[in-house]
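All remarks here apply to the structure that follows.
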Amino acid sequence: MKLGRSDVVVSPLGFGGAVIGNLYRAVDEETALGAVDAAWDAGIRYFDTAPHYGLGLAERRLGSALAGRPRSELVVSTKVGRLLVPSPATADRRDAAGFDVPADHERVWDFSADGVRRSLEASLRRLGMDRVDLVLIHDPDDHWRQAVDEAYPALHELRAQGVVGAIGAGMNQWPMLERFATETDVDAVMLAGRYTLLEQSAAHTMLPACLRRNVSVLAAGVFNGGVLATDELDAEAMFDYSPAAPELRARVAGIAEVVHRHGASLPQVAMAFAGAHPAVASVVVGARSAAEVRRNAELFERPVPAEVWADLAEAGLPVIES
């Protein structure tokens with residue numbers, strides 16, 4: 001599907017690069033590159049990453065894994081807003097932002113026009129590419145003014161020059177993404193965790209606004225950090241970067257009971273739910289191994305029995321408002 005009015009076409013299932021940046025725990029190089037290879041073999045052609053993911057590790061690994069692939073057949077997105085600055089004084093520590101990597105760089109917020117260009121240039125070096133197809137303004141929650149007054153015009157200019165094919169923003173919240181969709185001329189927004197089986201807060205006004213404005217939605221975080229990622233609820237299951245609370249685990253168990261009654265899988269239904277919205281162009285899912293990629297791709301292609309949706313609706317699809 002095309003992103004907004006751009007010519008950038010993404011595959012219905014996308015590969016999220018945070019996990020191969022050692023999110024939560026380390027993934028060895030061979031396993032990480034194997035996950036990207038498996039995504040390609042499964043027909044996935046949209047790959048997302050960011051400097052934030054593993055302090056550049058995810059970009060380096062993605063670029064390495066995609067090297068030699070036909071560039072015209074793949075779509076790569078990265079993000080701007082955090083510059084990576086060398087930090088020798090902390091190199092003997094581990095990164096404090098949830099990635100199992102040495103803290104040899106620090107993230108510096110910068111949504112200025114110069115920061116956008118410097119960030120993109122550094123990303124291209126790490127990726128080993130001469131261009132990316134989509135650039136997203138990353139997590140400008142506390143930086144709206146600079147993001148919209150400086151970062152967005154810089155990306156708008158880069159798009160007009162043909163340096164990038166499409167532009168947008170990516171966040172874990174929907175109100176500011178709705179503002180990007182309605183107050184700027186972005187092509188796409190990446191919405192993480194706010195339109196899932198557990199939470200549909202973005203459905204009320206944001207997703208309709210994207211439809212009206214022809215802004216494509218990239219649905220990320222559809223497993224809400226892991227709690228919807230497996231059929232057996234893990235004792236250490238995460239919800240939005242924190243351990244899942246008992247009441248949330250009970251809600252997931254209730255959904256799973258309905259899903260399993262009809263022979264379906266919880267992650268299958270989670271991906272299908274997000275992907276079914278007409279505003280969504282791609283469901284972006286992370287994976288740390290080839291086996292996880294293959295499982296997700298197979299489940300994504302498997303139709304969900306109509307009875308699942310009917311029974312979930314009858315039970316009242318659980319919603320967390322935020």
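Not measured: the values here are computed from a predicted model.
- Under the 3.5 Å distance criterion, the side-chain polar atoms of Ser216 are matched with a main-chain donor or acceptor of Lys2.
- The hydrophobic cluster containing Leu198 also contains Leu207, counting ILVMFWY residues as joined when their side-chain heavy atoms lie under 4.5 angstrom apart, directly or transitively.
- Rounding to the nearest 0.5 angstrom, the gap separating the CG atom in Leu228 from the CD1 atom in Ile255 is 6.5 Å.
- Within the 3.5 Å criterion, the main-chain N or O of Glu199 finds no donor-acceptor partner in the side chain of Arg194.
- Under the 4.0 Å criterion applied to side-chain N and carboxylate O atoms, Glu183 and Arg213 are not assigned as salt-bridge partners.
- For the side-chain contact (heavy atoms from CB on, under 4.5 Å) test with Pro175, the passing option among Met171, Gln173, Glu178 is Gln173; the others fail.
- Evaluated for a side-chain hydrogen bond (donor to acceptor under 3.5 Å, both in side chains) with His138, the options Arg82, Lys79, His52 yield exactly one hit, Arg82.
- Between the side chain of Glu73 and the backbone N or O of Arg45 there is no donor-acceptor pair closer than 3.5 Å.
- Side-chain polar atoms of Ser112 and Asp114 form no donor-acceptor pair below 3.5 angstrom.
- Of all heavy-atom pairs between His260 and Leu266, the closest is NE2-N, 4.3 Å.
- Between Glu59 and Ser123, the side chains place a donor N or O and an acceptor N or O closer than 3.5 Å (distance only, hydrogens not considered).
- Residues Arg71 and Arg131 form a side-chain contact, since some pair of their non-hydrogen atoms from C-beta on lies under 4.5 Å apart.
- Heavy-atom minimum distance, Leu3 versus Ala166: CD1-CB, 4.4 Å.
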- Let me see the working for Arg159 and Asp187 under salt bridge (Lys or Arg N to Asp or Glu O under 4.0 Å), right down to the final yes or no. CA-CA 10 Å; Arg159 182 181 60 184; Asp187 302 293; 2.9 Å; yes
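- Here Glu247 does not pair with Arg251 in a salt bridge; the nearest charged N to carboxylate O distance is not below 4.0 Å.
- Contact record, Ser265 with Leu299: OG-CD1, 3.8 Å, taken as the closest heavy-atom pair.
- Side-chain contact between Val304 and Gln268: present, with at least one pair of heavy atoms (C-beta onward) separated by less than 4.5 Å.
- For the atom pair Arg107 CZ and His105 NE2, the distance stands at 11.0 Å (nearest 0.5 Å).
- Val135 and Leu218 are not part of a single hydrophobic cluster, where members link through side-chain heavy atoms under 4.5 Å apart.
- Screening Thr184, Val186, Leu155 for a side-chain contact (heavy atoms from CB on, under 4.5 Å) with Ile137, the sole residue that qualifies is Leu155.
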- Query: Yes or no on side chain to side chain contact (heavy atoms under 4.5 Å, CB included) for Asp149 and Phe111, after CA distance, side-chain angles and deciding distance?
  - Reply: CA-CA 9 Å; Asp149 287 349; Phe111 293 93; over 6 Å; no
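- Taken from OG in Ser6 to CD1 in Ile167, the straight-line distance is 10.0 Å, to the nearest 0.5 Å.
- At least one donor-acceptor pair closer than 3.5 Å links the side chain of Thr90 to the backbone N or O of Ser87.
- Criterion: ILVMFWY side-chain heavy atoms under 4.5 Å apart, direct or through other members. Under it, Val164 and Met190 are not part of a common hydrophobic cluster.
- Ring centroids of Trp144 and Phe180 are separated by less than 6.0 Å, placing the two rings close together.
- In the hydrophobic clustering of ILVMFWY residues, with side-chain heavy atoms under 4.5 Å counting as a link, Val283 and Val36 come out together.
- Judged by distance alone, with hydrogens and angles left aside, the side-chain atoms of Arg126 form no donor-acceptor pair with the main-chain N or O of Leu57 at under 3.5 Å.
- Residue pairs meeting the side-chain hydrogen bond (donor to acceptor under 3.5 Å, both in side chains) criterion with at least one partner in residues 11-25, sequence neighbours excluded, are Asn22-Arg61.
- A continuous path of ILVMFWY side-chain contacts below 4.5 Å connects Val252 to Val308, so both sit in one hydrophobic cluster.
- Residues Ala35 and Val293 come closest through the heavy atom pair O-CG2, 3.4 Å.
- Below 30°, between 30° and 60°, or above 60°: for Tyr152 and His156 the angle between ring planes is above 60°, a perpendicular geometry.
- Contact record, Gly221 with Thr196: O-CG2, 3.6 Å, taken as the closest heavy-atom pair.
- Of the possible polar contacts, one joining the His277 side chain to the Ala279 backbone as a donor-acceptor pair under 3.5 Å is found.
- How far CG of Asp28 is from CD1 of Ile20: 12.0 Å, rounded to the nearest 0.5 Å.
- A donor-acceptor pair is defined here as one N or O able to donate and one able to accept, closer than 3.5 Å; such a pair exists between the side chain of Arg288 and the backbone of Leu23.
- Rounding to the nearest 0.5 Å places CD of Glu257 at 4.0 Å from CZ of Arg261.
- Salt bridge annotation for Arg94-Asp104: absent, with no cationic side-chain nitrogen under 4.0 angstrom from a carboxylate oxygen.
- No donor-acceptor contact under 3.5 angstrom links the side chains of Glu232 and Thr230, judged on distance only.
- Using modelled atom types, no side-chain atom of Asn224 and backbone atom of Val227 make a donor-acceptor pair closer than 3.5 Å.
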